[in-house]
Amino acid sequence: MADTALTAPPRSPLSQVADRLAAVTRTSGGAIRLAELPLLAQINVRLDAKGAAADAVGLALGLQLPLEPNTVVRAGELTVLWLGPDEWLLVGTPDSERDLESRIREAAGDEPVSVTDVSAQRTTLLVTGPRAHDLLAHGCALDLHPRAFGSGRCAQTTLGRTQVVLVPRDEPRAGFWVLVRSSFAGYLADWLLDAATEYV
């Protein structure tokens, strides 16, 4: 039987534009910083928020799953995004997906739970700098002011006509994560690079 294991290391969807993203930081004098956070672990979890599994999974992860719509909970290197009444996205460090998946399954036991590794489905762009809000406002209808959309929030929205999950980082100056499907990542990177020309 032929060996079908992957031998090449995984490559991020935006590896070919990393230099162009970095150039924006230099040419804008730091007003805008664009970078990919490649290959983050992303685990989609679905379970009954009011069931025993929710508490058990939260304990296993060292946090409580967020129950309020469009909120985020962080514990160390793990970020959990509320996506729906029974759905969450866990974002962790690269190569932590197997550990996260096994911890969730073990904690849930016999309770019904769906755990899906979606790490290859999306990549994450970091958009930061003093003009990050302005840049994103060019293509996003949300009020991105920290009073309306600050730390602890997230939203499934569109940016430049692309579906994304937008997450403000812990402090306003830390900018935003933009989680985008891998198949649209190149388009969105081009859109951001084009919109950023206003600040260079």
Side-chain angles (χ1 to χ4, degrees), residues 12-14 17-18 20-42 44 63-85 87-93 118 121-200:
S12 72
L14 295 176
V17 298
R20 290 173 60 207
L21 295 173
V24 168
T25 303
R26 291 189 302 275
T27 56
S28 72
I32 297 290
R33 178 178 172 229
L34 300 176
E36 183 188 19
L37 304 176
L39 309 175
L40 294 179
Q42 297 186 39
N44 186 272
L63 50 74
Q64 183 177 1
L65 295 176
L67 300 178
E68 183 183 335
N70 302 317
T71 57
V72 174
V73 172
R74 293 182 179 90
E77 305 251 351
L78 182 63
T79 301
V80 182
L81 315 176
W82 182 98
L83 296 184
E87 183 177 10
W88 297 266
L89 181 67
L90 280 62
V91 182
T93 57
V118 294
Q121 182 187 44
R122 293 186 191 94
T123 191
T124 305
L125 280 155
L126 176 68
V127 180
T128 188
R131 303 303 298 269
H133 288 91
D134 300 329
L135 174 65
L136 295 176
H138 279 296
C140 182
L142 294 179
D143 179 356
L144 300 176
H145 192 281
R147 284 190 306 259
F149 191 65
S151 177
R153 308 297 301 174
C154 66
Q156 297 174 81
T157 186
T158 57
L159 176 62
R161 298 185 180 182
T162 303
Q163 291 184 349
V164 298
V165 180
L166 194 58
V167 185
R169 300 303 296 145
D170 285 335
E171 297 178 18
R173 293 181 185 268
F176 298 85
W177 275 359
V178 182
L179 285 73
V180 60
R181 290 189 185 275
S182 297
S183 55
F184 290 96
Y187 164 80
L188 185 61
D190 285 342
W191 184 91
L192 286 165
L193 287 163
D194 183 60
T197 59
E198 181 178 333
Y199 308 103
V200 298

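Being a predicted model, the structure only gives us computed values, none of them experimental.
- Leu81 has its side chain within reach of Val167: a pair of non-hydrogen atoms, C-beta onward, lies under 4.5 Å apart.
- Annotation for Pro38 and Thr123: closest pair CA-OG1, 4.4 Å, computed over non-hydrogen atoms.
- Considering every non-hydrogen atom in both Leu144 and Ala137, the closest pair reads CD1-N, 4.0 Å.
- Residue Leu192 is tested with Leu21, Leu34, Val24 for a side-chain contact (heavy atoms from CB on, under 4.5 Å); the sole match is Leu34.
- Side chains of Leu125 and Phe176 form no contact here, defined as non-hydrogen atoms less than 4.5 Å apart.
- Between Thr158 and Val164, every side-chain heavy-atom pair lies at or beyond the 4.5 Å cut-off.
- Donor-acceptor pairing under 3.5 Å is recorded for the side chains of Glu36 and Ser12.
- In this view, Gln64 and Leu67 satisfy the side-chain contact (heavy atoms from CB on, under 4.5 Å) rule, not counting sequence neighbours.
- Between Gln156 and Gln163, every side-chain heavy-atom pair lies at or beyond the 4.5 Å cut-off.
- Within the model, atoms CG of Leu188 and OG1 of Thr162 stand 5.0 Å from one another, a figure rounded to the nearest 0.5 Å.
- Checked against Leu179 for a side-chain contact (heavy atoms from CB on, under 4.5 Å), the options Thr124, Leu37, Leu166 give a single hit: Thr124.
- Considering only heavy atoms from C-beta on, Leu89 comes within 4.5 Å of Gln42 through its side chain.
- For Arg33, there are no salt bridge (Lys or Arg N to Asp or Glu O under 4.0 Å) partners, not counting sequence neighbours.
- Annotation: the span from Leu90 atom CG to Leu78 atom CG amounts to 5.0 Å, rounded to 0.5 Å.
- Scanning all heavy atoms of the two residues, the minimum distance from Thr79 to Arg74 falls at OG1-CG, 3.7 Å.
- Rounding to the nearest 0.5 Å gives a distance of 5.5 Å between SG of Cys154 and CG of Asn70.
- The nearest pair of heavy atoms linking Ala148 to Asp143 is CB-OD2, 3.5 Å.
- Annotation: salt bridge (Lys or Arg N to Asp or Glu O under 4.0 Å) contacts involving residues 122-137, sequence neighbours excluded, comprise Arg131-Asp134.
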(request) Take Val72 and Val80 through the side chain to side chain contact (heavy atoms under 4.5 Å, CB included) test and state the conclusion after the steps. (result) CA-CA 6 Å; Val72 174; Val80 182; over 6 Å; no

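- Of all heavy-atom pairs spanning Leu135 and Ala196, the tightest one is CD1-N, 3.6 Å.
- Trp177 is listed as a side-chain neighbour of Leu126, based on a closest heavy-atom distance under 4.5 Å.
- Using the six-membered ring where Trp is involved, Tyr199 and His138 have ring planes that are tilted, between 30° and 60° apart.
- Atom-to-atom distance recorded for Asp190:CG and Leu14:CG is 9.0 Å, nearest 0.5 angstrom.
- Ala185 and Pro13 make their closest contact through CB-CB, 4.2 Å (heavy atoms, listed as atom of the first residue, atom of the second, distance).
- In this structure, Thr157 and Cys140 have side chains that are in contact, with non-hydrogen atoms separated by less than 4.5 Å.
- Note: Thr71 OG1 to Arg153 CZ = 6.5 Å, rounded to the nearest 0.5 Å.
- The backbone N or O of Gln121 sits less than 3.5 Å from a side-chain atom of Ser182, completing a donor-acceptor pair.
- The backbone N or O of Pro66 lies less than 3.5 Å from a partner atom in the side chain of Trp88, making a donor-acceptor pair.
- Counting heavy atoms of neighbouring residues, nucleotides and ligands inside a 6.0 Å radius, atom CZ of Phe184 does not exceed 12 of them.
- For Glu77, the CD atom counts as loosely surrounded, since its 6.0 Å shell holds 12 or fewer non-hydrogen atoms of other residues, nucleotides or ligands.
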